[in-house]
Amino acid sequence: MGALEEAHLAAVAACGCDEEEEEDLLVGLGGGEAPVDAMEPAVRALLAGLGEDDRREGLRRTPKRVAKAFRDGTRGYRQKVKDIVLGALFPEVGVDKRTGSAGGTGGQVVVRDIDLYSYCESCLLPFSIQCHVGYVPSGGRVVGLSKLSRVADVFAKRFQNPQRLANEVCGALHASIQPAGVAVAMEGWHIPLPENLKCTKSRALIRTSHSSRSGVFEGENSSFWNDFVALLKLRGIDMDMDSRSASLTWCPLRPHEVPLCNGHGKRITTNGATSPKSLSSPSNMVSAVSSMLQSLGEDPLRKELLGSPQRYVQWLMRFRACNLDVKLNGFTLNSASVYERPGEDATDHRAISSELRLPFCAQCEHHLLPFYGVVHIGYFGSGDGEGIDRSHFQALVHFYGCKLQVQERMTRQIAEAVYSVSHRGAIVVVEANHICMISRGIEKIRSSTATIAVLGQFSTDSSAKASFLQSVLDTANQEV
């Protein structure tokens with residue numbers, strides 16, 4: 001019986017990349033969906049540059065999906081703050097009208113934990129944000145609370161960096177509702193580079209904290225700012241990190257060498273050391289990305305966007321289709337059949353070996369957006385006491401992850417490869433965060449996806465499967 005016939009494959013918490021999507025999901029989000037004709041040919045050019053065939057199953061609708069995702073993710077360019085705030089200011093008289101008095105229009109109002117996402121202007125990849133907005137009403141008027149988050153979303157749905165985003169939200173609210181002052185604090189998390197995933201327990205997400213203030217919140221000794229920070233701490237939010245974030249490089253792709261518009265290259269140094277030479281960026285792919293920016297109403301020659309198309313292409317080239325062979329204990333994975341296995345004693349229950357929390361980063365072939373997380377592998381050893389080295393498993397995970405993928409397929413492929421070597425049984429669990437789940441109008445920022453593939457004895461021995469899953473749970477508890 002072949003491995004595919006023996007497989008028990010299940011997916012938990014679907015990743016949201018279904019082949020059939022609601023065509024009208026994004027229509028009307030920014031005053032109607034813009035034509036995608038200029039975007040889709042550009043996406044096809046990117047797929048061709050990656051060595052992919054856009055006619056194959058899984059990629060046929062990718063140009064349309066990518067175009068819709070980018071247009072929805074930048075709909076803030078087509079929205080105006082005054083249209084949101086207009087009609088949302090309400091009279092509210094407190095015990096008196098002095099700034100800072102209790103109740104009514106005098107007290108500070110804070111809306112916390114506003115989950116947003118935006119596109120990094122340096123590499124054009126999405127990043128997630130948690131935003132907190134406070135203001136002190138004046139003139140006997142308060143604003144509808146939902147408008148604070150909607151105004152923040154207008155500026156988030158543009159190509160941004162976190163500090164400018166905080167400044168723009170603060171300035172727009174101060175100008176539109178004319179309060180005594182506005183405070184904006186936000187934390188941002190940027191997608192990590194694949195090679196940095198194993199650096200920290202937090203999966204190498206780059207986190208920075210930024211703030212912006214106006215009116216009564218300004219000044220080192222502002223009691224309003226101190227109250228704002230205190231109200232955030234009630235939710236476990238520490239803005240003391242704000243001053244340390246200024247020295248951090250927000251975008252991990254920013255230090256890379258990229259050719260600028262005049263044809264010259266610029267190599268950025270970090271701590272006096274020259275950064276490694278980046279992957280080459282095919283000019284036709286860079287031109288395609290520039291045309292995408294123009295189609296979205298942006299200027300590729302804007303100072304903050306110089307080099308961004310090249311960085312985006314460099315990111316995509318990390319997931320270029322390849323036909324490399326990878327060996328696992330002398331077994332060539334790319335050319336071997338998973339159906340060819342030596343004879344085995346199915347009743348011989350050997351000790352379970354495992355390798356847990358192997359980090360990976362892959363690229364969703366449905367939306368050209370990254371998904372990343374960890375892989376847990378279990379298998380029945382040979383019984384001679386010698387297992388497979390962890391570095392081999394890490395190479396295996398990288399081999400199947402570093403290409404256009406879907407999580408379900410990657411889970412099955414890793415399980416089949418391990419089964420072809422272990423001969424008796426393999427179980428693979430993949431836990432991942434999908435960037436496509438925080439974009440495209442879905443915006444399920446805190447969601448995660450788990451998939452499991454079970455082959456051989458693990459599919460018939462429930463105690464063996466339970467033992468492996470318990471070891472995964474124990475490791476997760478140790479990480480907390």
In the structure I gave you, are the side-chain heavy atoms of M317 and M285 within less than 4.5 Å of one another anywhere? yes
Go through the steps for L455 and V418 under the test side-chain contact (heavy atoms from CB on, under 4.5 Å), then give the verdict. CA-CA 10 Å; L455 299 172; V418 175; over 6 Å; no
Suppose we screen for salt bridge (charged side-chain N to carboxylate O under 4.0 Å, His left out). Which residues come up paired with R164, at least two apart in sequence or across chains? E121, E168
Do F155 and V81 make a side-chain contact, defined as non-hydrogen atoms from C-beta onward lying under 4.5 Å apart? yes
State whether Y117 and K157 meet the cation-pi test: NZ (Lys) or CZ (Arg) under 6.0 Å from the six-membered ring centroid, and within 45° of the perpendicular axis. yes
State which residues pass side chain to side chain contact (heavy atoms under 4.5 Å, CB included) with A288; sequence neighbours excluded, sorted by chain then number. A42, A45, L46
Checking side chain to side chain donor-acceptor pair (under 3.5 Å) between Q405 and each of H366, Q413, Q363, which is the one that passes? Q413
Would you mind reporting whether L296 and M39 have side-chain heavy atoms less than 4.5 Å apart? yes
Which pair of heavy atoms, one from A185 and one from F228, lies closest together, and at what distance? CB-CE2, 3.9 Å
Heavy-atom pair of closest approach, residues L59 and D53: CD1-O, 3.5 Å
Taking ring pair (Phe, Tyr, Trp, His ring centres under 6.0 Å) as the definition, give me every residue that meets it alongside F371, ordered by chain and number, with sequence neighbours left out. F360, H434
Ring pair (Phe, Tyr, Trp, His ring centres under 6.0 Å) with F70: which residues, sequence neighbours excluded? Y119
Taking salt bridge (charged side-chain N to carboxylate O under 4.0 Å, His left out) as the definition, give me every residue that meets it alongside R44, ordered by chain and number, with sequence neighbours left out. E40, D54
If the condition is salt bridge (charged side-chain N to carboxylate O under 4.0 Å, His left out), which residues does E218 pass it with, not counting sequence neighbours? none
Heavy-atom side-chain contact between V133 and V151 under 4.5 Å: no
Qualifying residues under ring pair (Phe, Tyr, Trp, His ring centres under 6.0 Å), relative to Y312, sequence neighbours excluded: none
Enumerate donor-acceptor pairs with a distance under 3.5 Å from any side-chain N or O in residues 170-181 to protein atoms, sequence neighbours excluded.
from: H174; atom 1: ND1; to: S214; atom 2: OG; distance (Å): 2.8
from: S176; atom 1: OG; to: A172; atom 2: O; distance (Å): 2.8
from: S176; atom 1: OG; to: L173; atom 2: O; distance (Å): 3.4

Begin with the C-alpha distance, continue with both residues' side-chain angles, and end with the deciding distance and a verdict on side-chain contact (heavy atoms from CB on, under 4.5 Å) for H376 and V374. CA-CA 7 Å; H376 312 288; V374 292; 3.8 Å; yes
Got a sec, which residues hit side chain to side chain contact (heavy atoms under 4.5 Å, CB included) with D299, two or more places apart in sequence or on another chain? L301, R302
Write down the atom of A453, the atom of A415, and the distance for their closest heavy-atom approach. CB-CB, 3.7 Å
With no hydrogens and no angle check, is any side-chain donor or acceptor of T411 less than 3.5 Å from a backbone partner on Q407? yes
Look only at the side chain of T451 and the backbone of E408, and say whether a donor-acceptor pair between them is shorter than 3.5 Å. no
Got a second to check how far M292's CE is from S287's OG, nearest 0.5 Å? 13.0 Å
For P300, which residues count as a side chain to side chain contact (heavy atoms under 4.5 Å, CB included) partner, sequence neighbours excluded? S290, L293, Q294
So which atom in G144 and which in F90 form the shortest heavy-atom distance, rounded to 0.1 Å? N-CE1, 3.8 Å
Separation between CZ (R65) and SG (C364), nearest 0.5 Å, reads 8.0 Å
Measure the spacing between CE of M437 and CG of L369 and express it to the nearest 0.5 Å. 12.5 Å
I want to check something: taking the side chain as every heavy atom from C-beta on, are L165 and I129 in contact at a cut-off of under 4.5 Å? yes
Where is the tightest heavy-atom contact between V43 and P63, given as atom of each residue plus distance? CG1-CA, 3.6 Å
4.5 Å side-chain heavy-atom contact, F159 and E304: no
Determine yes or no for a side-chain-to-main-chain donor-acceptor pair under 3.5 angstrom, with T62 supplying the side chain and E365 the backbone. yes
Which residues pass the salt bridge (charged side-chain N to carboxylate O under 4.0 Å, His left out) test with D83, not counting sequence neighbours? none
Could you pull out all residues at least two apart from Q130 that satisfy side chain to side chain contact (heavy atoms under 4.5 Å, CB included)? D113, D115, H132, E187, W189, R446
For residues L396 and F393, determine if any side-chain heavy atom of one lies less than 4.5 Å from a side-chain heavy atom of the other. yes
Rounded to the nearest 0.5 Å, what separates atom CG in L231 from atom CZ in R235? 12.0 Å
Check whether any side-chain N or O of Q163 sits under 3.5 Å from a backbone N or O of H210 as a donor-acceptor pair, and report yes or no. no
Rounded distance [0.5 Å steps], NE2 in H398 versus NZ in K403: 9.5 Å
In this structure, are over 12 heavy atoms from other groups packed under 6.0 Å from R56 atom CZ? yes
Note: P359 and Q394 closest approach over all heavy atoms is O-NE2, 2.9 Å
To the nearest 0.5 angstrom, please state how far the CZ atom of R150 sits from the CD1 atom of I114. 12.5 Å
C123 and Q314: side-chain contact (heavy atoms from CB on, under 4.5 Å), yes or no, with the steps? CA-CA 9 Å; C123 64; Q314 288 173 0; over 6 Å; no
The test is side-chain contact (heavy atoms from CB on, under 4.5 Å); show your working for F319 and E52 and say whether it passes. CA-CA 10 Å; F319 306 94; E52 292 282 0; over 6 Å; no
Taking side chain as C-beta onward, heavy atoms only, is R158 less than 4.5 Å from V154? yes
Looking at D72 and R75, does any basic side-chain N land under 4.0 Å from a carboxylate oxygen? yes
